[in-house]
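So you know, we letter chains A, B, ... as the sequences are listed, proteins then strands, and number each from 1.
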Amino acid sequence: MSQPILEVIELRKNFYPRRGLFSSLSKEKNARSIPAVDGVSFTLHENETLGLVGESGCGKTTTGKAILKLMSMNSGEIRYRGTDITAYTPEQFRPLRRDIQMIFQDLDAALNPKMRIADILREAIHVREADADAVTVQRQIYDLLDLVNLKKNKLSNYPSELSGGEKRRIGIARVLAVRPKLIVADEPTSALDVSIQAQVINLLRDLQDQFGLSFLFISHDLQLVELMSHRVAVMYLGQIVEMGPAKEIANSPRHPYTSILWSSIVEKRSREIPVTGSASAWGVFDFERPLGGCRFAPRCPVYAERGRPSICTDPANSPTLKVASEGHVVSCHFPL
Amino acid sequence: MSATPLLRIEDLRTYFYSRVKHAFVRSVDGVDLEVMRGETLGIVGESGSGKSVTMLSAMGLVTAAPGVVTGKVTFNDEVPQDLLQGLEARVEIERRDGRIMRVAKDNPSWQKQVERNLAGVRGRKISMIFQNPKMALNPFETVGQQIAESVRLHTKLNSAAEAREKALYWLDQVRIDSPRLRYDNHPFGLSGGMSQRAMIAMALAAEPRMLIADEPTTGLDATIQARIVDLLDDLKNRLGMTMVLISHDIGVISRLSNRIAVMYGGRVMETGPTAQVLDEHAEGHPYTRALLASTPRPENVTATGRLPAIEGEVLDTINVPCGCRFHARCHRINDAVRARCEAVEPELFEIAPGRRIRCWLYAPQ
Amino acid sequence: MKTNFQQDVDTVSEYSQLSAWQSASIGDRVSVGYGLCVVLVVVLSYILGAFGWLPHDPDAMDLETMMAGPFTNGYLLGTDFMGRDILTRLILGIQAYFLPGVLAVIIALGLGSLLGVLAGYWRSRFETSVTYFSNLIDSLPRMVLMLLVIAAFRPNIYTIMVVFGITTAPTIAMLVKGKVMMLRERNFIESAVALGLSSRVIIFKHILWYNCRALLLIQATIGMAEAVLIETSLSYLGFGVQEPTPSWGNMVQAGANYLMQGDFWPSTAPAIAIMLTVLGFHLLGDGLNNIFEGRRNR
């Protein structure tokens, strides 16, 4: 693998529940904060896709937004091509935005509802080349449409006149207009129909091959992540619990949570013989957020099977990411 | 097997009028469906295929104009009952050159008639659960109270104590842990999966003949989805419930249904037993086959690392093409049938007992 | 014409080519048309008045034709109790509210947009303070505030209109904030930041120009209607423009003294002018609202 394009080191972000007018007077501010991202570290190489997978509320989107400085963070370090960009001001960071782009889950995110498609793309091209002349811009708009397989007659339309798949393509075209190197794709297909989803997935793969893009692919759809990514990181309550090559994560997971995630793919279960009673054996539903020890212990089947060993809940002994095999790390006291 | 179906929908058409586009949106455009006693019918389709609107129309829950235009919905409980009875008299369709130009509806009286038709059926004999349980639950009442209310409204149990006991029984049936504790919780205290369970308990509390589940797992996390599916499967087996399951998720549908109807552009494209419809190697409608092939599964990936996608856009039901609704995206269309595919809409051809396909490739010789 | 679509249902496939005006209802078109005529007449009259191009001398008293009805002796709209030409005074009366009204609207829109953008764009820093400030202003009764200002300074239409502008700002601020929140809801603002646009471009181009211009235009017409009403009612009460300078308010007031004697015209003529003008501005705002906000909103 080549030089890492992005390194994230011990990223932390706390959320504070909405406070009242006078609560700043009280001192228990820190006690009530919720760690949304709690010490996340990973690296992303050139032309690589890293899948970030986890259930809602596990902090995967927050991580993605923190990388783009759309959200502040409490501590941690972010390096882009070896340069520490953590302390960059918004103005310092702005030139870098041409390199690092984001595709949002919301199809309408990229689209000002009152602007025509041509104007939306024109604006994005001007972000990279502020003084491009009209002819160049027009040619580039056509090139972009070709890239994302859209017809030219959509240019005079407003966003509300497009279908979901078309909106997604325009969103991707807008991102490509600034010629990024790294794209954070936050659930890029979750709002789309199955038949359209496959088109977009193919498009993203083609673009990666063509431009050597690196992707941070955030999704809750396990099968999609497995398909799209070279490596996969599994997040649970703000921490990465397992990270490794996509095939290994999917086929021989080491963390009990990863294993449960993959076995709960409804479709897969329907074709294999369902493990009877497994569903109710997974403990309680609600997210419990233990303050110390293994976050997953309250829902963990291994923890229950082994007679609730005290090491799992020991606050002084939280599991850390340990190498399980080459390029595969897992954070569990009793890996599978 | 000539048992009468519990619910039979015939030639249902539901149109909406798009003010922006100055045209009718033909959400449901001539749908025929049957639901047998004790079976689970899965309706699968993409957005805009009309799968939800079909069941909402049958339950009289479509209020926007013009709404249900034609159709017959027979519910055969003890006595057959037409749920859309007398509604056609209240709709006036203005045609010009055979085109529907205007639909005038006496909405208040139409609504009144719907209420009359469905009194005692909706919520009692046919219950529904929806995608967003948080919206359907009243945030100001405890979960238990709401279920108990459903018990008292729809069953003979009248006393508060009995209703409470019954509500607890249903909370237990949907496998909510510590039901006695949850009884007094308000909906905002519950997680997504838990609210969906409470919703199901509320629907079951009426002891309905039939349950309509509209996208019951959409928006939930994978592990919770799996559990809701397990629960529905379990309830189906234990209670012998007749169920209509609406979902875009083929995985959920295949797990729970006995029979599947595939919808596209307001039409049923294919029906049949689950195993046959979803068997990639068996005969089937090109749309269903292509849909199955384009789901992101490792075994679907081609050698070049790509998914076999269906080209084109999902049909918008304003500009409905002549001929088969799928022909523009179809990959199996060939010169032998092309002319027919582009000109005439195929019927649902029966290729085996209980197995129908709306495709010219399967037309009887 | 051969088409590839089923023709059994009325469909218009060229829907996206229709402009907002083409797809507007007849009622909205009439409203906007009438409103635009009123605006045109008001602006023309203002210019006539400003340059003194008037049919008669506004202060010249024709003692032989007092209280004349319309079309008498070359007085198109008759004369008042002092024999002054009513048409001339109506035209001049526009001077009383036009510039002050425009000033009030500019203050209201400017301050409102500023507050709205602050509250919506930099939520964490300004939302609470802007909300408290807006609530504070909203809680003061507008008329009482104006009378207080009149008492403190002196009857001057410009100070009154400044007060009017400031008290209208919170309403506009909340509407602008709503638009910003809508864009924020669909992650548009985050997405624009991520693309690399500066805050200046996002605020002025995307928020104010593209998404708030229709709203601000509509609020401007409603503000003008309000300004006319406020000026006329204060002048009627004697707090606004003072005789002999004509204003529609003091014309109604002066004419009202003669109503009992059966001479209704000198007070009715300015009253009709007020009604037609206010109605015009309101219909314009209403029609524009239906045309611009009803479509392409979502």
Just so I know, are the side chains of A:E123 and C:L197 near enough to count as touching, which here means a heavy-atom distance under 4.5 Å? yes
Quick one: does A:D108's side chain get under 4.5 Å of C:F188's, heavy atoms only? no
By a 4.5 Å heavy-atom criterion (distance strictly below it), what part of [X] contacts chain C: side chain, backbone, both, or neither?
X: A:K65; answer: side chain
X: A:L111; answer: backbone
X: A:R174; answer: both

Which distance, rounded to the nearest 0.5 Å, do you find between the [atom1] of [X] and the [atom2] of [Y]?
X: A:D119; Y: C:K205; atom1: CG; atom2: NZ; value: 7.5 Å
X: A:L70; Y: C:I189; atom1: CG; atom2: CD1; value: 12.0 Å
X: A:L107; Y: C:N187; atom1: CG; atom2: CG; value: 11.0 Å

With a cut-off of 6.0 Å (strictly less than), are more than 12 heavy atoms of other residues, nucleotides or ligands near [atom1] of [X]?
X: C:E185; atom1: CD; value: no
X: C:I26; atom1: CD1; value: no
X: C:Y34; atom1: OH; value: yes

For a quick test of reading the model, state the closest non-hydrogen atom pair linking [X] to [Y] and the distance between them.
X: C:M182; Y: A:P113; result: CE-CG, 4.3 Å
X: C:Y210; Y: A:K114; result: O-CG, 3.2 Å
X: C:S191; Y: A:A110; result: OG-CA, 3.5 Å

Heavy-atom pairs under 4.5 Å with chain C, option from A:V127, A:I100, A:I103 with the top count: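 Option with the top pair count is A:V127.
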Contact part of C:S199 toward chain A, heavy-atom cut-off under 4.5 Å: side chain, backbone, both or neither?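 For C:S199, neither part sits under 4.5 Å from chain A.
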Which portion of C:A192 sits near chain A, non-hydrogen atoms under 4.5 angstrom: backbone
Donor-acceptor pair, side chain of A:R97 and main chain of C:L195, under 3.5 angstrom: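 Flag not set: sc A:R97 to bb C:L195 has no pair under 3.5 Å.
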